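Okay, structure first, notes after.
One-based numbering along the sequence shown. Nothing here was measured: the structure is a model prediction, and the numbers come from that model.
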Amino acid sequence: QGVTSIYGGAFGGSAITEIHLPDTLTYIGELAFGKCKNLESVVIPNNVTELGDYCFDGCSALSSVSLSDNLTVLPSWAFRGCEALKKIVIPNGVQTIGESAFGDCTSLKSVSLPESLKAIYGYAFSYCEKLTSVSNLGKVTEVGKNQYEFDFSAMEQDMRRKLSQGIKYFNGPSVGW
């Protein structure tokens with residue numbers, strides 16, 4: 001208790017399987033838990049208002065994530081490569097999902113988007129080959145230029161139809177590799 005910040009790389013690459021984050025926590029930095037390949041679940045306390053890019057990137061065993069109700073942005077690459085993650089509920093209040101935030105989550109089947117969501121940057125759900133359920137997409141007004149080119153094979157036509165109904169495209173940040 002008493003810890004308010006976990007800075008970048010603090011636990012990165014460690015062999016931890018679980019972490020109990022204190023309620024006093026307000027910030028989780030870039031790569032704080034990146035590449036913790038054995039981490040299975042995380043509950044991000046409601047006092048957390050900011051996550052850094054790549055904060056849980058490459059946590060391949062991560063199968064359960066509970067997000068803070070006080071987040072407004074899910075940063076780029078936040079949960080990329082969390083191969084065991086099957087479902088994510090993004091809390092109301094989140095307005096932006098960053099580039100490749102859930103990219104390469106190869107087991108992801110279901111995403112519940114909040115009514116507050118306004119923008120999804122490019123590749124946010126790229127290579128989520130099993131994704132068949134996305135709720136509240138109709139509330140999104142801006143989608144990264146390449147977002148509609150994701151690998152949602154089962155949903156592609158429906159998504160393209162929804163995206164063509166008044167959602168504007170914009171060029172979000174791009175990856176140089």
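- The main-chain N or O of V94 is never found under 3.5 Å from a side-chain atom of T72 such that the two would form a donor-acceptor pair.
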Go through it in stages, so that I can follow the logic: the residues are L85 and S63, the test is side-chain contact (heavy atoms from CB on, under 4.5 Å), and I'd like the CA-CA distance, side-chain angles, deciding distance and then a yes or no. CA-CA 4 Å; L85 190 62; S63 61; 5.8 Å; no

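- Contact check for I16 versus N38: no side-chain heavy atoms found under the 4.5 Å cut-off.
- You'll find the side chain of I97 stays beyond 4.5 Å of the side chain of Y121, heavy atoms only.
- Between F11 and F33, the ring planes lie parallel to each other; the angle is under 30°, not in the 30° to 60° tilted range.
- Judged by distance alone, with hydrogens and angles left aside, the side-chain atoms of S107 form no donor-acceptor pair with the main-chain N or O of A84 at under 3.5 Å.
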Derivation of the side-chain contact (heavy atoms from CB on, under 4.5 Å) call for I19 and L21: CA-CA 6 Å; I19 185 88; L21 300 172; 3.7 Å; yes

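- D57 places no side-chain N or O within donor-acceptor distance of the main-chain N or O of G34, the cut-off being under 3.5 Å.
- At a threshold of 4.5 Å between non-hydrogen side-chain atoms, the residues I44 and I28 count as touching.
- To the nearest 0.5 Å, atom CD of residue E18 and atom CD of residue E40 are 8.0 Å apart.
- Counting heavy atoms from C-beta on, the side chains of Y27 and T4 never come closer than 4.5 Å.
- N92 places a side-chain N or O within 3.5 Å of a backbone atom of S116 that can act as its donor or acceptor partner.
- The OG atom of S60 lies 9.0 Å from the NZ atom of K35; values are rounded to the nearest 0.5 Å.
- Nearest heavy atom pair, residue K37 against residue A61, reads O-CB, 3.2 Å.
- You'll find the side chain of S126 reaches within 4.5 Å of the side chain of S100, heavy atoms only.
- The structure places SG of C105 at 12.5 Å from NZ of K130, a figure rounded to the nearest 0.5 Å.
- A distance of 10.5 Å separates CG of L74 from CD1 of I120, quoted to the nearest 0.5 Å.
- Contact between S68 and P45 at its shortest, heavy atoms only, is CB-O, 3.1 Å.
- Using a 4.5 Å cut-off between side-chain heavy atoms of Ile, Leu, Val, Met, Phe, Trp and Tyr, with links allowed through other members, V43 and L25 fall into different hydrophobic clusters.
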Carefully, step by step, assess F102 and R80 under the rule side-chain contact (heavy atoms from CB on, under 4.5 Å). CA-CA 5 Å; F102 294 95; R80 183 183 63 173; over 6 Å; no

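- In this structure the side chain of L62 reaches within 4.5 angstrom of the side chain of F79, judged on heavy atoms.
- When all heavy atoms of V140 and K118 are compared, the pair lying nearest together is CG1-O, 3.7 Å.
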Steps toward side-chain contact (heavy atoms from CB on, under 4.5 Å) verdict (L67, I88): CA-CA 9 Å; L67 295 167; I88 189 72; 4.1 Å; yes

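- Taking CG from L117 and OG1 from T96, the interatomic distance works out to 7.0 Å, rounded to the nearest 0.5 Å.
- For the residue pair N70 / T49, no side-chain donor-acceptor distance below 3.5 Å is found, with atom types taken as modelled.
- Note that SG of C55 and CD1 of I6 are 10.5 Å apart. Values are rounded to the nearest 0.5 Å.
- At least one side-chain heavy atom of P22 sits less than 4.5 Å from a side-chain heavy atom of V3.
- When side chains are defined from C-beta on, N47 does not count as touching T24, because their heavy atoms never get closer than 4.5 Å.
- Of the possible polar contacts, none joining the S133 side chain to the S110 backbone as a donor-acceptor pair under 3.5 Å is found.
- Residues L113 and V73 are members of separate hydrophobic clusters, defined by side-chain heavy-atom contacts under 4.5 angstrom among Ile, Leu, Val, Met, Phe, Trp and Tyr.
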